[in-house]
Amino acid sequence: MQRNARIRAFRAEANGRSTFPASPCLEFPPMSGSLTPAEQAQLHETIDMFQVIVESQPLDYQSLEILKKAYLKLGMQQEAIDTSKKIHR
């Protein structure tokens with residue numbers, strides 16, 4: 001429930017802001033397989049929030065980069081590739 005409220009808040013703010021702070025999990029790349037369950041959960045939450053942002057602002061390249069990094073950290077390679085393509089259009 002709290003997660004949905006945060007997503008709605010980000011969606012509401014996305015219309016007026018072009019950038020959002022990055023998740024702390026994105027600051028330093030972990031070694032493969034070294035993410036804790038809490039870090040994985042935070043990355044999934046980050047992905048949810050930044051998907052909302054890029055839906056409303058598809059040219060927000062900073063958000064796309066953050067989204068791409070989150071995908072890579074979770075091993076979601078195809079999603080990272082798709083996001084990279086959006087960045088380079």
Side-chain angles (χ1 to χ4, degrees):
M1 198 78 154
Q2 182 182 15
R3 181 177 177 187
N4 290 336
R6 280 192 245 164
I7 290 172
R8 282 193 299 274
F10 269 83
R11 180 176 284 146
E13 289 184 41
N15 292 327
R17 291 178 61 182
S18 62
T19 60
F20 290 86
S23 166
C25 283
L26 298 176
E27 292 178 10
F28 302 102
M31 297 184 72
S32 179
S34 66
L35 290 174
T36 67
E39 290 169 329
Q40 290 178 11
Q42 185 174 8
L43 283 168
H44 281 290
E45 187 172 315
T46 298
I47 287 170
D48 290 344
M49 289 186 286
F50 280 93
Q51 284 175 334
V52 170
I53 294 166
V54 299
E55 283 176 16
S56 65
Q57 298 178 359
L59 299 178
D60 184 348
Y61 297 108
Q62 183 176 5
S63 292
L64 286 166
E65 283 289 343
I66 291 168
L67 190 55
K68 179 183 78 173
K69 289 177 184 178
Y71 285 140
L72 288 172
K73 286 182 176 263
L74 289 172
M76 301 171 73
Q77 295 179 354
Q78 187 58 51
E79 291 84 352
I81 291 169
D82 295 341
T83 304
S84 290
K85 289 177 182 178
K86 290 178 185 177
I87 293 169
H88 296 288
R89 283 187 201 165

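Applying the side chain to side chain contact (heavy atoms under 4.5 Å, CB included) criterion to L74, with sequence neighbours excluded, gives L35, Q40, L43, H44, I47, M76.
The two residues S63 and I53 make their nearest non-hydrogen contact at OG-CG2, 3.5 Å.
When hydrophobic clusters are built by joining Ile, Leu, Val, Met, Phe, Trp and Tyr residues whose side-chain heavy atoms come closer than 4.5 Å, directly or via intermediates, I66 is grouped together with V54.
Atom CG of residue L59 and atom CD1 of residue I87 lie 12.0 Å apart, to the nearest 0.5 angstrom.
Within the structure, side chain to side chain donor-acceptor pair (under 3.5 Å) contacts touching residues 79-89 (residues at least two apart or in different chains) are Q78-D82.
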